[in-house]
J.: 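Take this structure first; my questions come after.
Below, all heavy atoms of this structure are taken into account, side chains as well, without hydrogens, waters or symmetry copies. Within every chain, numbering begins at 1; the chains are lettered A, B, ... in the order of the sequence lines, protein sequences first and strands thereafter. The structure presented is a predicted model; accordingly, all values stated were derived computationally and were not measured.
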Amino acid sequence: MTRKYTKKSSGSTASTTNSTAEIVDLTTSTSSVGKKRKSPDEKAQPITKKALNSLTPVQSMFEKYKGKNIIKAIHYTYLYTYIFNVHLDDDETIGPEGIARFCSDIGLAPDSFEILVLAWTMNASKMGYFSKNEFSSGFEKLQCSDLSTLKKQLNSTSQKLKHDSTKFTDLYKYAFGFASEVESKKSVDLGTAAEMLKLLLPEGPHTTNFAAFLCTQPNKSINKDQWLCFLEFSRTVKADLSNYDDSEAWPLLLDQFSEWVQQEKRI
Amino acid sequence: MMAKPNGKIQFKNLQSHGVLADPDFPKRTWKLLKTAMRQIHQQNASNLSFEELYRNGYNMVLQKHGDLLYNNLKKMVDKHLKAVAKTVSESIDEKFLLELNSSWINHKTSMLMIRDILMYMDRNYVKQNNLSSVFDLGLYLFRDNVAHCSTIKDRLLNTLLSMVQKEREGEVIDRILIKNIVQMLIDLGVNSKNVYIEDFEKPLLLKTSSHYQAQSQTLIQTCSCPDYMKKVEICLKEELERVSHYLDSSSEPKLKEVCEKQLISNHMRTLIDMENSGLISMLKDDKIEDLKRMYNLFSRVSDGLNLMKDVISSYVKEIGRGIVMDEEKTKESGTYFQSLLDLKDKYDNLLQNALYNDKQFIHSIQQAFEYFINLNPKSPEYISLFIDEKLKKGLKGVSEEEVDIILDKILMLFRLIQEKDVFEKYYKQHLAKRLLLGRSISDDAERNMIAKLKTECGYQFTSKLEGMFTDMRLSQDTMSGFKTYIQNLKKALPIDLNVHVLTTGFWPTQNTANCNLPREILLCCEAFKSYYLSNHNGRLLLWQTNMGTAEIKANFPSKSHELQVSSYQMVILLLFNDQSKLTFKEIADQTGIPTIDLKRNLLALTNPKNKILDRELPSTTSSTTTTTTTATSSSTSTSPSSSSSSISTPTPSKSIDESDVFAFNTKFKSKLFRVKVMAVVQKETPVEEKETRDKVDEDRKHQIEASIVRIMKARKTLEHSNLVSEVIKQLQSRFVPNPVIVKKRIESLIEREYLERSKQDRKIYNYMA
C-alpha cells in the first residue's frame, strides 16, 4: 500500500518536473536569473514543488534523490524526526540508498560497468556516495541534464571505453582508488578486487582464474602496483600462460598465480 | 786444342752427310745402342765409350728418329725388367728382400747411365712430346714389372709387415735393408708417395691397428692400470723409433693416431674404471707418477683429458660431500675443516706434480670444492671456528711465514664459500670472544687475517672487524687514564676493575643481559662511569656482564685458592659468603642471571674437575660450616657484546635442574693455587642458531634494498633484469641473492614510493627523489 502510493507519487512528480523544466528553458534569461535569486529566501522552508521548479534540471535531480527523504518525512509525521535525522548528514551527498533509487530510475544495476563509468566521470572519491559537486560535474562532462539522455551517454561512453585502451587504463586506475576502503588508497581487499576485475575485464583471458586465485590467498589485500600490473598481464599474456616469464618484472603475486594455474591445471 | 773441336765438327758434318745417304742408319745405330745398354744391364759398362754412345743418341734424335729410339728403349727395359722380376720371384725367402734391393740398386745405376747417354733426347724429343723422362720411365717400368709383379707385390708387403711384427715382438731385424726398400717404394712414386702409401703404409696402418687392438685387449685383461700405461708408453716410444729408423717421416702422425686410438682411446673408460688400480684408486693412494703418466697419455687423444677431468671432479665431489655430510665430522668443526684443508692440499699437490697445473683441471676441481663446501649450511660457521682455533692455539710456536701460508690456505677455501655474510656474523662473534677473553695468541696474526679478508672481500666487509680492534686499543688507553684518575682521588677502589668500552654496531649484537652486581662491584662501575662520561659527553654506557671474567680469592678449610671465573660465576659465588646453601630459584632471583646462562655457569661450578659447589637433591639435609670468602676480583664489563657460538666440550652426564640445591664445597681440593674454572660452553642452541640465521636474513633484506636504491639513484632509470643482475653482482661477494627475494624487495620499494614503474614500459623502473 505504502509502496504503491510512493511509486505513484514519484512518477507523478517526475513527470511534472520534466514538463516544468521544459517550460523554464523557454523563458527569457532575465526571468531565469530573477527566479534563481529567490531560491535562497526559500531554503529555510521545506522544499515544495514550486521551489523545485526554480532549480536547474541537474540541481533539481540531485534534490530529488536527496530531498525524497524529506518529502517522505512529511507524509509520515510520526516518523519525521527519525527519518530527518537519518538523512541529515547526507545533506550534501547522495548515499547508497539514493544511488540505488537513482540506478533504478535509469534502468541500470548499481554494480554495472556503466555506473562505474559514471562514477569515474564524476570522479567520485568513495564507492556508494556521490557528492553534490561530483554529481554536477559528471552531468556536465556527459553533456546531459535528464535521465534518458544520461543513460544513452553512459552506454555510448562505456562502449567507446572498451575500445580505447588509454581511457580504459585511466578508468582501471581510477577503479582501484574508488574501491579502496583505506584512507591512503594504497590497498584494496581481495574480495572487492575480484569483483571489480570481473566488472572491468569480464572477457579477460585470466579474469576468472585470477578472481578464484585471489580468494585462496592468505593476504587480505592487493596493492596498487599489483593491480596495475594485472591489466598489462591480462593484455599481453596468453590464456595458456605460454609466454609468461617469471624472471621478468611481474610482481610475485602474478608469479604465484601462474604457478597456481599450472598446478590446478586450469589452462 | 782449338783445332780438335773444329776437326770434330767437320767430321760430324761429313758423317751426317753420309748418314743421310744411308737408309740403314737408324737401325744400325739403335743396334749399337741396344748392345751397349745390355752391357749396362749386365753391369759390364766399363768398356763402353760414353762419347760414342751419346753421339749415336744425339744423331738419332737429330735425324728425327726420336720416337723410334724412345719406344725401342722402353721395350728393351721392359723386357729386361721382366727377367729381373723372374729372378727376384725365384729367390728364397731369406734372400728375397736382398735380391729385390740388389735389383733396385742395379736398376737405378743402369737408368742413370742410360739417361746420361740419352740426355739429348730427354732435353728435346721427350720435352717436345710431353713424355716421361728416361729416368722416370725407368721408374715406372720397374714399378709395373717388378714392384707390382703379381708374384712379388704381395710377397713384398707380407715380408715387410712380418719383419715389423718381429721387431715388435723383440727380434732384431735388418733395419737398413727395410729402410732401403721403403725408400725404393717412395722413389717409385715419382714426385709423390702414392706407391709407398698404397703398397705399404696403408696396409701397415691396418696391421698396426689390429696388432695393438689384440695386444691392448690382452694387456688390459692382465695388467693393472699403471702397468698397462707403462707398457703403452713403451709401445708408443718404439713406434716412434721405428719411424725414425726406417719409415718415412710423413707416416709418423698417421701411425701415432692409430696407436693412440687402439692403445688409449679405446680403453680410456676401462682404465679409469679399473677396480683397485684405476683412476680413483690412484687418486686415493696418491699415485702421482701414475697419474702424471695417465695425463700424458690421455692428452694425446681427443676427449682424453675431458674424461679424466670429469671423473676426478666427480670423485672429489663425492669425497668432499662425504666429509661435509659426515655426521661425526660435522660435530667437530676443527676436524671437519682440517679434512677439507687436507683434501685441498692433496689436490693442489696433484695439480702441480701430475697435472701440470692444467687450467681446465684447476677450474674443474675448484668447482667441485665450491659445490660440496656449500652443501653444508654450517660451512661458514665452521671455517670461522677453525680460524678461531688457529688464532687461539693452533698457530702457537709457528713462524710468521708459516702462519701466512696457513692463513692463505684457509682463504682459498673461504673464497669458495657463497654465504660470506654468514661467515662474517660468526667471525665477529668468535673474534669478540678472543679479544674480550684475551685468548688471541698474536695481534699480528689477527690483523694479518683481517688484512687477507679485506683483500678478498673489500673494506666494507672488514671495517667493523677493524673497529673492534680499535675499541680494544682505545680501551687500554681509557683504563690507563682511569687508573691515574683513581690514584689522584687517593681513595682506592675495593676491587681492581678493568673495562672494555665497545662501540655498538661493531660488535655482534645481543640483547643486553644484566645481572644484579654485588654492591662492591657496583661502586667500581659507578666510579668508572663517572670518569668515562666526564671525558665523553653524551655517550651512553650499558654494562654487558655476560662477557666478563673475574679472579676471586677463596678460603677453604684446607687451603686458600685463587679462582679464575666468569663474571656470572663470581656473582654466584659471592652469594655463598652469606649463605651456605641456596636453591636454584634463590640464586636466580638474587643474581638476575638469565636461566640458560645460569645453568651453564652452575654446571661449570659443580663440575667434578673443579667442584667448588656441591649439588644436592632437595630432600638432602646436610650441615655445612660457614666459611668466610674474601672477594678480590677484576671484572671485564662491556657495552653490547656477546658470543653465542663456540666449540663444545664434553658435557657431564647430568645437567642442572631447577629443583637442585647448591652448597659451598668445603672439601674442595686442588693441587694448584690458581684454579681456572672453564665455563661449559655449549654449542649454539637451535634457537640461537635460528636467531643468527634470522639476523642474517634480515640484514640481507636491508643489503638488497640498499643496493637497489644505490643503483637506481645512480642510474635514475633501469630495466628490471638489468637491475636484478646488477644487484646480484654487487652483493655476490657476500652472499648470492635469490632473484625472487630481489623481486620482492623491488616491489616493497615501489609500494613505499622509492621506485615507480615507467609509464611507458612496466619493465622499466624510475628512481623517485
J.: Atom CG in B:Leu749, atom CG in A:Asp225: separation rounded to 0.5 Å?
T.: 11.5 Å
J.: Using a 4.5 Å cut-off on heavy atoms from C-beta on, say whether the side chain of A:Cys229 contacts that of B:Arg757.
T.: yes
J.: With only heavy atoms counted, which part of B:Val740 is less than 4.5 Å from chain A, the side chain, the backbone, both or neither?
T.: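 For B:Val740, the contact with chain A is made by backbone and side chain together.
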J.: Surrounding NZ of B:Lys452 (heavy atoms of other residues, nucleotides or ligands, distance under 6.0 Å), is the total greater than 12?
T.: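 For B:Lys452, atom NZ is crowded (more than 12 foreign heavy atoms under 6.0 Å).
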J.: Can you establish whether the number of heavy atoms outside B:Lys729 located under 6.0 Å from its atom NZ is more than 12?
T.: no
J.: Is it true that atom NZ of B:Lys744 has more than 12 heavy atoms of other residues, nucleotides or ligands lying nearer than 6.0 Å?
T.: no
J.: When you look at CZ of B:Arg715, are more than 12 heavy atoms from neighbouring residues, nucleotides or ligands closer to it than 6.0 Å?
T.: no
J.: Non-hydrogen atoms of chain A under 4.5 Å away: do they reach the side chain of B:Glu747, the backbone, both or neither?
T.: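 Interface part for B:Glu747: side chain.
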J.: Measure the spacing between CZ of B:Arg745 and CG of A:Leu252 and express it to the nearest 0.5 Å.
T.: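 B:Arg745 CZ to A:Leu252 CG: 10.0 Å, rounded to 0.5 Å.
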J.: Calculate, to the nearest 0.5 Å, the distance between atoms CD and CD1 belonging to A:Gln226 and B:Ile750 respectively.
T.: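 Separation between the atoms: 10.0 Å.
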J.: Is a side-chain N or O of B:Lys763 found less than 3.5 angstrom from the main chain of A:Trp250, in a donor-acceptor match?
T.: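 No, the answer is negative, given that no donor and acceptor are paired below the 3.5 Å cut-off.
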